[in-house]
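Okay, so here's the structure we're looking at.
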Protein chains: 4
Amino acid sequence: MAAELNANPGLRFPTGLGTSDAETISLLGQDLAADLMGKVGFGELAFWLVAGRRPSPGEVRLFEAVLVALADHGFTPTAIAARLTYLSAPDSLQGALAAGLLGGGSRFLGVTEDCGRFLAGVLSTVPETDADYDLLALRAVQEAKAAKRFVPGLGHPVHKEQDPRTPVLIAIATEEGLYGPHLRLFEAIGRVHPQVLHRRLPLNGAGVCGAALADLGLPVDLLRGFALLARAAGLLGQIAEERRRPIADQIYRTVDRNAVYEP
Amino acid sequence: MAAELNANPGLRFPTGLGTSDAETISLLGQDLAADLMGKVGFGELAFWLVAGRRPSPGEVRLFEAVLVALADHGFTPTAIAARLTYLSAPDSLQGALAAGLLGGGSRFLGVTEDCGRFLAGVLSTVPETDADYDLLALRAVQEAKAAKRFVPGLGHPVHKEQDPRTPVLIAIATEEGLYGPHLRLFEAIGRVHPQVLHRRLPLNGAGVCGAALADLGLPVDLLRGFALLARAAGLLGQIAEERRRPIADQIYRTVDRNAVYEP
Amino acid sequence: MAAELNANPGLRFPTGLGTSDAETISLLGQDLAADLMGKVGFGELAFWLVAGRRPSPGEVRLFEAVLVALADHGFTPTAIAARLTYLSAPDSLQGALAAGLLGGGSRFLGVTEDCGRFLAGVLSTVPETDADYDLLALRAVQEAKAAKRFVPGLGHPVHKEQDPRTPVLIAIATEEGLYGPHLRLFEAIGRVHPQVLHRRLPLNGAGVCGAALADLGLPVDLLRGFALLARAAGLLGQIAEERRRPIADQIYRTVDRNAVYEP
Amino acid sequence: MAAELNANPGLRFPTGLGTSDAETISLLGQDLAADLMGKVGFGELAFWLVAGRRPSPGEVRLFEAVLVALADHGFTPTAIAARLTYLSAPDSLQGALAAGLLGGGSRFLGVTEDCGRFLAGVLSTVPETDADYDLLALRAVQEAKAAKRFVPGLGHPVHKEQDPRTPVLIAIATEEGLYGPHLRLFEAIGRVHPQVLHRRLPLNGAGVCGAALADLGLPVDLLRGFALLARAAGLLGQIAEERRRPIADQIYRTVDRNAVYEP
């Protein structure tokens with residue numbers, strides 16, 4: 001059957017990712033076994049796969065710092081959903097992981113992408129001085145307020161003063177020469193927003209990750225994808241812990257035993 | 001409400017993963033911002049999250065080589081499913097990723113886990129010499145044949161002579177001092193199986209990855225999880241390419257236009 | 001442990017759906033075994049579960065006609081994704097079904113919800129005469145055109161003249177006394193849109209289903225849910241057929257064998 | 001492009017489900033609009049799609065009674081997972097539904113399929129008298145005990161004396177002339193198991209549903225699919241209630257606020 005299909009003249013599915021023949025496996029135009037395995041890190045490969053270009057060592061360091069920052073946030077709704085799914089269907093690890101990732105939508109994991117997109121939208125022209133950045137930031141916060149929209153990346157339910165991830169990621173970007181317009185605008189928002197909102201909110205970790213990924217040149221519409229990749233590692237950690245020290249059944253019972261019928 | 005719930009005396013959900021308070025975020029008992037971001041790689045963190053211990057640099061190299069080997073295999077059924085889901089629901093990147101991962105079951109991604117489990121099952125006692133390994137391998141292949149079961153990790157539809165990933169991963173494990181009983185038994189199976197099966201099959205890449213992960217001391221029941229993590233990166237690459245150069249609509253039309261009604 | 005948790009004074013999870021004790025199972029305030037099983041149809045129960053009220057027999061007939069209309073549309077991208085996932089992970093039927101449903105997003109299954117929401121948005125005041133409906137419809141189509149937005153429910157790639165489901169569903173709604181403002185406005189759009197768009201497009205089946213569900217008083221934000229429920233039945237049919245007469249492997253090979261590397 | 005693909009001579013994807021042309025939509029060889037909509041119920045269609053034959057009215061009644069019995073069991077782990085996913089990603093209803101269904105694996109929803117398969121496996125020959133059924137049942141329970149396996153469908157954590165669904169479903173099957181060998185064997189197991197297990201366990205609702213579906217001639221390997229379809233309706237009810245009266249955030253906080261770090 002393969003032979004017939006090979007001959008199919010009207011069909012052509014182009015790809016720049018993986019192909020193979022009897023002797024070699026190619027990935028991204030490289031020989032997977034000879035050039036990538038043991039020579040390219042996993043985060044480096046993930047960047048390369050999405051961006052279509054190999055990152056520099058400094059880019060890899062910043063990128064992996066973002067993934068590390070986003071991997072696990074404790075008992076989030078998505079972590080709990082993955083554990084409960086694993087309890088119900090322990091035979092299907094992929095189902096538990098997928099269930100956890102499906103919570104990676106607008107509310108919890110979406111801030112990274114929302115923030116990157118917001119900053120990119122504001123940066124139609126790139127300012128030169130800090131004062132220009134402040135002016136641009138001020139206008140953006142005012143417009144968001146007028147439209148009754150939140151500024152993505154501002155505020156955190158727990159870290160009310162400062163999110164500890166924010167200065168660290170900015171420092172890494174600076175060290176690696178990757179502190180670009182998105183991070184700079186994000187910091188300007190941090191300086192000017194109290195003039196508009198009349199209170200000081202922290203720049204949160206999910207937001208700074210979005211700014212850093214945008215400064216790395218990654219496509220804004222796929223930033224959520226990196227949050228999901230990071231979270232995949234965190235969810236595996238949650239599932240591994242669920243196997244060693246289960247709590248999902250206790251969570252289920254806590255809800256079920258305290259259910260109250262109300263029409 | 002949080003205050004009430006804080007006081008809830010009957011409830012206690014232990015975790016060794018992530019926790020946080022107003023100033024710090026902890027992960028695996030470390031200060032996430034101060035000790036992990038920029039200092040620990042993403043693959044290293046994924047290993048640590050699942051295994052509960054920090055891997056050595058050599059272990060990270062072997063582990064990431066496995067992830068790189070498993071990240072993308074071209075137009076697999078799972079890659080196609082992710083692209084088709086993205087075509088239908090482009091607003092939900094997490095759905096396309098989850099759909100792709102859900103194919104990570106017994107047939108395609110399962111070989112890694114099956115092979116690790118098979119080898120671990122055979123290794124109830126660890127042999128000393130190569131000859132002892134060969135004897136153990138011979139018995140294992142004979143038993144599998146008698147039970148009409150395949151030996152996981154043996155054979156490949158495309159790489160009929162040799163899977164190029166296999167010798168490379170064994171070389172990396174050896175370089176890093178991590179060539180252990182699972183890889184050794186796997187190689188023994190490669191030597192002895194023709195005596196039983198009367199033809200020579202290659203040791204495939206998914207199988208050698210399972211053997212290497214088992215030699216890294218990772219829990220056999222979670223090996224599929226690492227294949228899924230690796231594949232998450234590959235699927236993001238597929239979705240990113242689908243955005244730049246779409247083919248899912250052509251795949252859909254190819255099937256739909258050649259549908260034939262047969263009762 | 002259950003005893004401790006039962007006593008948990010700070011916790012209370014209200015529900016009007018299912019509860020049970022040692023002797024009875026309640027659902028929607030009814031005795032499941034005595035009052036529902038064998039007495040209430042499955043579509044009827046689905047309506048009741050979402051709307052919180054029991055539908056009349058006429059409402060059930062219209063509602064089930066919608067579900068029947070939406071159940072299967074042949075080799076859609078979602079049907080193909082479900083079959084490919086089943087090929088990869090035949091041990092996990094729930095994964096194949098979930099993968100198929102994950103394509104139920106904005107593009108393919110979303111029209112039903114989009115159309116219901118569009119009509120409900122236009123109907124801030126309910127007109128009295130057909131002429132008033134036409135006026136309202138005209139303004140709505142003009143506004144959509146000015147905003148460069150499609151009018152949901154208008155046009156179909158295959159049924160370019162008329163979608164055969166549309167008149168049938170309108171006839172059923174009329175027979176059952178359930179032809180309400182959403183269907184009436186939808187028909188008005190069918191009459192007036194050529195004045196604005198300068199060509200005649202059919203009112204499609206997904207759109208008329210959305211209008212009918214809205215006339216049934218179902219919550220507009222959940223209309224996609226009914227399309228998903230209908231599709232769940234269709235996907236089970238696809239998976240059942242894939243078991244009897246598999247095609248997923250041929251689809252996979254068709255793509256894989258015609259892959260062309262292009263950087 | 002369609003024209004090119006239409007001409008594709010090597011490709012042929014047969015289906016007995018849905019096809020369409022410009023004027024008509026066919027489903028199962030019927031005219032969807034003329035013959036199915038408004039004339040065939042949703043449960044009836046679901047049966048037909050999977051079994052490939054139209055059920056009789058009595059079969060529809062029994063089948064829908066099974067779906068009604070399985071639709072919702074209150075705050076199950078899967079219902080909670082769906083609500084938590086909806087909390088995290090309210091923009092993606094399909095993701096919340098899929099997450100809930102992914103828990104439909106071996107432990108919670110699997111009993112229906114396991115029981116049907118167990119009974120079908122025992123019934124290699126169909127007995128004639130009740131005494132013969134008892135003998136067959138006795139041997140099956142003894143073998144399960146010897147193999148340290150549970151008998152699927154036996155026992156329930158809440159309904160310790162009797163599951164109220166069991167006698168009702170058996171009565172419906174009897175009324176409709178559909179009480180067949182699987183239900184009869186299931187009842188025999190209910191009579192004889194105390195001789196082997198030395199305590200009396202109830203025949204549970206999930207089990208009797210599996211027996212009834214098997215007596216309806218539905219393929220044993222797809223019984224889980226019907227439990228999933230039923231549960232899809234229940235999950236929509238849970239999500240609809242979560243919109244009206246949210247509890248997922250309280251569940252999340254209950255877990256998060258009572259998290260305790262333990263290495």
Side-chain angles (χ1 to χ4, degrees), chain B residues 1-21 24-31 48 52-54 81 85-86 88-102 104-105 246-247 249-263, chain D residues 1-21 24-31 48 52-54 81 85-86 88-102 104-105 246-247 249-263:
Chain B
M1 174 191 291
E4 271 175 44
L5 295 171
N6 267 321
N8 225 309
L11 292 175
R12 206 169 174 285
F13 297 106
T15 182
L17 303 176
T19 51
S20 64
D21 59 30
T24 54
I25 302 173
S26 281
L27 187 57
L28 296 160
Q30 315 295 308
D31 184 315
W48 196 344
R53 66 174 182 85
R54 185 169 187 173
T85 305
Y86 188 72
S88 294
D91 47 317
S92 171
L93 183 61
Q94 71 272 22
L97 181 60
L101 292 175
L102 287 171
I247 60 161
D249 196 58
Q250 190 197 344
I251 295 172
Y252 154 56
R253 284 167 193 277
T254 300
V255 180
D256 185 58
R257 297 300 184 270
N258 293 291
V260 183
Y261 178 70
E262 279 182 20
Chain D
M1 175 191 290
E4 272 177 42
L5 294 170
N6 266 323
N8 224 310
L11 291 176
R12 205 168 175 287
F13 298 106
T15 182
L17 303 177
T19 51
S20 63
D21 59 32
T24 55
I25 303 174
S26 280
L27 186 58
L28 296 159
Q30 315 295 309
D31 184 314
W48 196 344
R53 68 172 180 87
R54 185 170 186 173
T85 305
Y86 188 72
S88 294
D91 47 316
S92 170
L93 184 61
Q94 70 272 23
L97 181 60
L101 292 176
L102 287 171
I247 60 162
D249 196 57
Q250 191 197 342
I251 296 173
Y252 155 55
R253 284 168 194 277
T254 299
V255 180
D256 185 57
R257 296 303 183 269
N258 293 293
V260 183
Y261 178 69
E262 278 182 21

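The sequence lines fix the lettering, A, B, ..., with proteins before strands; numbering per chain opens at 1. These values consider heavy atoms only, across backbone and side chains, with no hydrogens, waters or symmetry-generated copies.
One finds the OG atom of Ser92(D) at 11.0 Å from the CG atom of Leu93(B) (value rounded to the nearest 0.5 Å).
Using a 4.5 Å cut-off between heavy atoms, Ala98(B) does not touch chain D at all. For a residue to count as touching a neighbouring chain, one of its non-hydrogen atoms must lie under 4.5 Å from one of that chain's; by this rule Leu28(D) touches chain B with the backbone only. Heavy atoms closer than 4.5 Å to chain D are found in the backbone of Leu17(B), but not in its side chain.
Interface remark: of the candidates Gly29(B), Gly95(B), Gly52(B), Gly29(B) forms the most heavy-atom pairs closer than 4.5 Å to chain D.
With sequence neighbours excluded, the residues forming a side chain to side chain contact (heavy atoms under 4.5 Å, CB included) with Thr19(B) are Thr15(B), Ser26(B), Tyr261(D), listed by chain and number.
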- [ ] Run the numbers on Thr254(D) and Leu11(B) for side chain to side chain contact (heavy atoms under 4.5 Å, CB included), then give the verdict.
- [x] CA-CA 8 Å; Thr254(D) 299; Leu11(B) 292 175; 3.5 Å; yes

